[in-house]
Amino acid sequence: MATKPSIPKGTRDFSPVEMLRRKYIFSTIEKVFQKYGFLPLETPAMENLETLTGKYGEEGDRLIFKILNSGDFMQEVKERFDTKYGTAPVELTQGVLADMKSWISEIRSSELTEKALRYDLTVPFARYVVQHQNDIAFPFKRYQIQPVWRGDRPAKGRYREFYQCDADVIGTKSLISEVELVQLFDDVFTDLGLQVVVKINDRKVLAGIAEVSGQPEKVVDIVTAIDKLDKIGREKVEEEMRAKGVSDEAIKGIVPLFELKGSWNEQRPLLEKWLASSATAQLGLKDLSFTFNAVGTMKSAKLEFDPTLARGLDYYTGAIFEVKAAEGSMPGSICGGGRYDDLTGIFGLKNMSGVGISFGADRIYDVLLETNKFPAELGGSTKLLFANFGETEALHCLKLLRTVREAGIAAELYPDAVKMAKQFKYADDKGIAYVAIIGENELKQGIVTLKDMKTGEQKAIKQDELIHGIQ
RNA sequence: GUGGUUGUAGCUCAGUUGGUUAGAGCGCCGGAUUGUGGUUCCGGAGGUCGCCGGUUCAAGCCCGGUCUACCACCCCA
């Protein structure tokens, strides 16, 4: 055997069974997106490199997959080398090395690469909005389900190519959007039959905490530390804040946060009192109140206020969301989102407030698989197989096949007239419910022997009753 | 990016201090059954031991490198 073929690190093949399940998740989400008035959008797999660089922080820039330009960019170096040293073998002295280094360093990076694979769906969306601002009716609601790529080191549940399912509303500050997105989460997970908790917080409350603690300029450091609370525990969070230069006094001021318990209605008065001196915090609390009241009763999800919910991304400015599965062993969140006041500013369009959410399809897949929530029938499998007894019989089956398919039943004819055992095994392996047998005898009598593969029973029926027989 | 573990048949894994021809279960193919799968019985095929190099009379086993998957950090979905 030759060296086995393989796929690049961190990428995956999806088998038919996996694809049926993935499509079930995607289409469930997509249907709900559309029900809420979101419109589909697709952007190219690759963007201009400059569109992406500088948008994801230092670490993010390193993880962008860059695309090598076509063309021989070493040509110039080769020519210079030949001009100076000729084509005969040359001893590799310090001088030669120094020349080569300087020639290579003169190749500008823009000659090597000027395109990159998309890193997420948010930045391309922002780029799209700015580029087509005159054609878009605001507020603009779009959804986008496409793969993204990261040059990260693969780990369990972490890949170099994976799908994101995003929905964003841009061009309105109305809290109606927040309310609708919470209801959208509820709808999707009700449809998927999964119990979840939607956690909500507001960055303005977190900013208020930093304000009250006396170090408002440390919001980002405080927020990213708090975000890790349930992962690393209270002591480590305090440690990290100290390491980032948050004073002991300020940390003492943040401590009440760790002791908050109970429902939104229980926590709200305590927070109002604690953060009384921060106008920003009061605004955040008011917004949260609005959302809680307006959402009303949920179908199956639970909405919870979580004052320690922070989310790492620093462009969030208002509400922040996270969804966790209430069943199964998935520790992390399966969805996230939040409001941002200035997503398009980097591309020159100011004052565009928006709010968006993202579904983690791979994690949802894992949870549904673990908790056995995928429907048994995903509509992918053939219902009826015609056994093949040879050309005459097969041609007759082909006619029946048309009428069966017209009736909306997934059916197929085994392509080769091989022995029955093999044809039945094919039906068995593929999970086909019925096998129709039309051999010489059946053909003569105008009947079909129909076998139910589950029970093993078989009966002879008239050919024009076939459709009726398998329902 | 740092540290660690791993890789033997399609899959899951054995394989002695380095020693002739590398094994098992499942799966696959053929037969018992020329018109019947899922159960049974009989037989068969399938391996450059991840890849490259080194040590040795001799390497699946020891050493170096590399790739892959996984674990813990960093970061993230």
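Letters go in sequence order (proteins before strands), and every chain restarts at 1.
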Could you tell me which nucleotide pairs with [N] by Watson-Crick or G-U wobble geometry, both distances under 3.5 Å, or answer none if nothing does?
N      : result
B/rU20 : none
B/rC29 : B/rG43
B/rU2  : B/rA72

Is [X] salt-bridged to [Y], going by a charged N under 4.0 Å from an acidic O?
X      : Y      : result
A/R22  : A/E18  : no
A/K430 : A/E412 : yes
A/D152 : A/R160 : no
A/D202 : A/K204 : yes
A/K299 : A/D191 : no

Can you identify which nucleotide, out of B/rC29, B/rG35, B/rA77, has its nearest atom closest to the A/R363 side chain?
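Selected nucleotide (nearest to the side chain): B/rA77.
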
State which of B/rC75, B/rG1, B/rG35 makes the closest approach to the side chain of A/R62.
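Of the candidates, B/rG1 comes closest.
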
Looking at RNA chain B, which of residues 455-464 of chain A put a heavy atom within less than 4.0 Å of it?
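Here the set is A/G456, A/Q458.
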
To the nearest 0.5 Å, tell me how far A/Q131 CD sits from A/R127 CZ.
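CZ of A/R127 is found 5.0 Å from CD of A/Q131.
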
Would you kindly check if the NZ (Lys) or CZ (Arg) of A/R21 is within the cone defined by 45 degrees around the ring axis of A/F374 and under 6.0 Å from the six-membered ring centre?
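Flagged: A/R21 positioned over aromatic ring of A/F374.
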
Return the orientation label for the A/Y426 and A/Y414 ring planes: parallel under 30°, perpendicular over 60°, tilted otherwise.
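Rings of A/Y426 and A/Y414: perpendicular, over 60°.
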
For the residue pair A/F292 and A/F305, categorise the inter-ring angle as parallel (less than 30°), tilted (30 to 60°) or perpendicular (more than 60°).
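Ring orientation, 0 to 90° scale: perpendicular.
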
Distances for protein N/O vs nucleotides 68-72 of chain B N/O pairs under 3.5 angstrom?
unit_1: B/rU68; atom_1: OP2; unit_2: A/K9; atom_2: NZ; d: 3.2
unit_1: B/rA69; atom_1: OP1; unit_2: A/G10; atom_2: N; d: 3.1
unit_1: B/rC71; atom_1: OP2; unit_2: A/K156; atom_2: N; d: 2.9

What I'd like to find out is whether the side chain of A/V323 reaches to under 4.5 Å of the side chain of A/S333, using heavy atoms alone.
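No, every pair of side-chain atoms sits at 4.5 Å or beyond.
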
Heavy-atom check, side chain of A/Y340 versus side chain of A/D168, under 4.5 Å
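They are in side-chain contact.
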
For A/A427, report the nucleic acid contact type (base, sugar-phosphate, nothing); a contact means any heavy atom under 4.0 Å.
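Since no nucleic acid heavy atom lies under 4.0 Å of A/A427, the category is nothing.
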
What nucleic acid atoms does A/K454 come within less than 4.0 Å of, heavy atoms only: base, sugar-phosphate, or nothing?
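Base contact.
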
Map A/E59 and A/I437 onto RNA chain B by nearest heavy atom, then report which one ends up closer to the 5' terminus.
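That would be A/I437.
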
Name the residue closer to the 5' end of RNA chain B, choosing between A/E240 and A/T449 according to the nucleotide with the nearest heavy atom.
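Comparing both residues, the 5'-ward one is A/T449.
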
Are B/rA77 and A/F162 stacked, with the base six-membered ring and the side-chain ring centres under 5.5 Å apart and planes under 30°?
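A/F162 ring centre within cut-off of B/rA77 base, planes near parallel; stacks.
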
Considering only nitrogen or oxygen atoms on both sides, find all protein atoms under 3.5 Å from nucleotides 30-34 of chain B and state each distance.
unit_1: B/rG31; atom_1: OP2; unit_2: A/K419; atom_2: NZ; d: 2.7

Nearest-Å distance once atom [atom1] is located in both [N] and [M]:
N      : M      : atom1 : result
B/rU6  : B/rC71 : P     : 15 Å
B/rU39 : B/rC26 : P     : 11 Å
B/rA22 : B/rG60 : C1'   : 8 Å

A/Y143 versus A/Q34, side-chain donor and acceptor atoms under 3.5 Å
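A/Y143 and A/Q34 do have a side-chain donor-acceptor pair below 3.5 Å.
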
With distance as the sole criterion, do the side chain of A/K451 and the base of B/rG37 form a donor-acceptor contact below 3.5 Å?
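Checked by distance alone, the answer is yes.
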
Considering only heavy atoms and no angle criterion, is a donor-acceptor pair shorter than 3.5 Å present between the side chain of A/N441 and the base of B/rG35?
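Present.
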
